[in-house]
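For this chain, numbers begin at 1 and follow the sequence in order. The model shown is predicted, which means the values in this text are computed figures rather than measured ones.
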Amino acid sequence: MMRKALRQLRSVRHGDDEGFSLMETLVASTIFGIFTTLVMLAIISMLNDSQKNQSLIDGQSTIENVFQKLDHQVRYANGIQTPGQLGGNWFVEWQAQPVTTQPQTCTQLKFNPTADTLQERTWQPKAAVIAATPWVQIARNITNPGTTDPFTFTPAGSVYTPTGNVVFGSPIAHQQLTVTLMSQPNGTTTSKSTLSTTTVTFTALNSTSQTGNVCQEVARS
């Protein structure tokens, strides 16, 4: 009887020490791997969405800052020069009326599609010695949709839109400058960046149909 009891005890201990079988271990590892993969995919998706949203916010902020600056400058201009392209870069100028704190000033805007930058410089057209200031970058990672010019001029008295379609009604009273730009966050077009295109038309409220060419004292370069 003693020997029988010992054999039964050894059998119980041997059963307790068996652990998991190889098949059970493989199934458990497979389930854990699938669960880990799903969690990682969910985290990566959330990170990509966050990066896209942030890039869109950054792009919109860049565009808004540029257009706020242009609105303040062009709105009070008494003349806009016809935009043009030189050496692959796009240029446009406008002339601001003199005020008590500042003489008459010309501003030249340059869009460089190669460097994806927007720059400006100024000069005084009636100064004894005309010299433009150094170029100042006002935006980077700026591109253009490519379907339209970045700068489009509409003369006062015109009955045409910047795209050339006839508008029936009263002629435009003042010169207008239409700017179409696209922000390119981080300078890439990958899935982690979102492009933001904006087109805004600025009206030079001090211009008339008699306004001639302005700001030609400094060459485009």
Ignoring hydrogens and angles, tell me if any N or O in the side chain of [X] forms a donor-acceptor pair with the backbone of [Y] under 3.5 Å.
X: Gln104; Y: Pro98; value: no
X: Ser207; Y: Gln175; value: yes
X: Asn206; Y: Tyr76; value: yes
X: Thr105; Y: Ala96; value: no
X: Asn112; Y: Thr114; value: yes

Is [Y] reachable from [X] through a run of hydrophobic residues whose side-chain heavy atoms are each under 4.5 Å from the next?
X: Val200; Y: Trp90; value: yes
X: Val66; Y: Leu109; value: yes
X: Leu177; Y: Val214; value: no

Looking only at non-hydrogen atoms, find the nearest pair between [X] and [Y] and report the distance.
X: Ala131; Y: Trp123; value: O-CB, 3.6 Å
X: Cys215; Y: Trp94; value: SG-O, 3.4 Å
X: Ile130; Y: Pro125; value: CD1-O, 3.4 Å
X: Trp135; Y: Ser221; value: CZ2-O, 3.5 Å
X: Ile172; Y: His174; value: CG2-O, 2.9 Å
X: Phe91; Y: Leu86; value: CE1-O, 3.8 Å

Validation row: Gln68, Asp71 side chains within 4.5 angstrom (heavy atoms): no
Could you check whether any side-chain heavy atom of Thr208 comes within less than 4.5 Å of a side-chain heavy atom of Asn78, counting everything from C-beta outward? no
Point-to-point distance, once rounded to the nearest 0.5 Å, from [atom1] of [X] to [atom2] of [Y]:
X: Arg220; Y: Gln108; atom1: CZ; atom2: CD; value: 7.0 Å
X: Glu93; Y: Phe153; atom1: CD; atom2: CZ; value: 11.5 Å
X: Gln176; Y: Thr201; atom1: CD; atom2: OG1; value: 6.0 Å
X: Phe35; Y: Thr37; atom1: CZ; atom2: OG1; value: 10.5 Å
X: Met182; Y: Thr143; atom1: CE; atom2: OG1; value: 6.5 Å
X: Leu70; Y: Gln73; atom1: CG; atom2: CD; value: 6.0 Å

Check the pair Thr122, Thr107 against side chain to side chain contact (heavy atoms under 4.5 Å, CB included), reporting the backbone distance first and the verdict last. CA-CA 4 Å; Thr122 63; Thr107 300; 3.6 Å; yes
From CA spacing to verdict: side chain to side chain contact (heavy atoms under 4.5 Å, CB included), Thr198, Val179: CA-CA 8 Å; Thr198 305; Val179 181; over 6 Å; no
Would a line drawn from the ring center of Phe202 to the ring center of Phe67 be shorter than 6.0 Å? yes
Please assess Arg140 against Asp116 for the test side chain to side chain contact (heavy atoms under 4.5 Å, CB included), listing each intermediate value before the final yes or no. CA-CA 6 Å; Arg140 63 185 182 89; Asp116 294 333; over 6 Å; no
Partner of Ile80 by side chain to side chain contact (heavy atoms under 4.5 Å, CB included), out of Thr211, Thr203, Val92: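 Among Thr211, Thr203, Val92, the one meeting side chain to side chain contact (heavy atoms under 4.5 Å, CB included) with Ile80 is Val92.
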Against Thr180, only a single residue in Thr199, Asp149, Thr152 fulfils side chain to side chain contact (heavy atoms under 4.5 Å, CB included); can you say which?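 Considering Thr199, Asp149, Thr152, a side chain to side chain contact (heavy atoms under 4.5 Å, CB included) with Thr180 is found only for Thr199.
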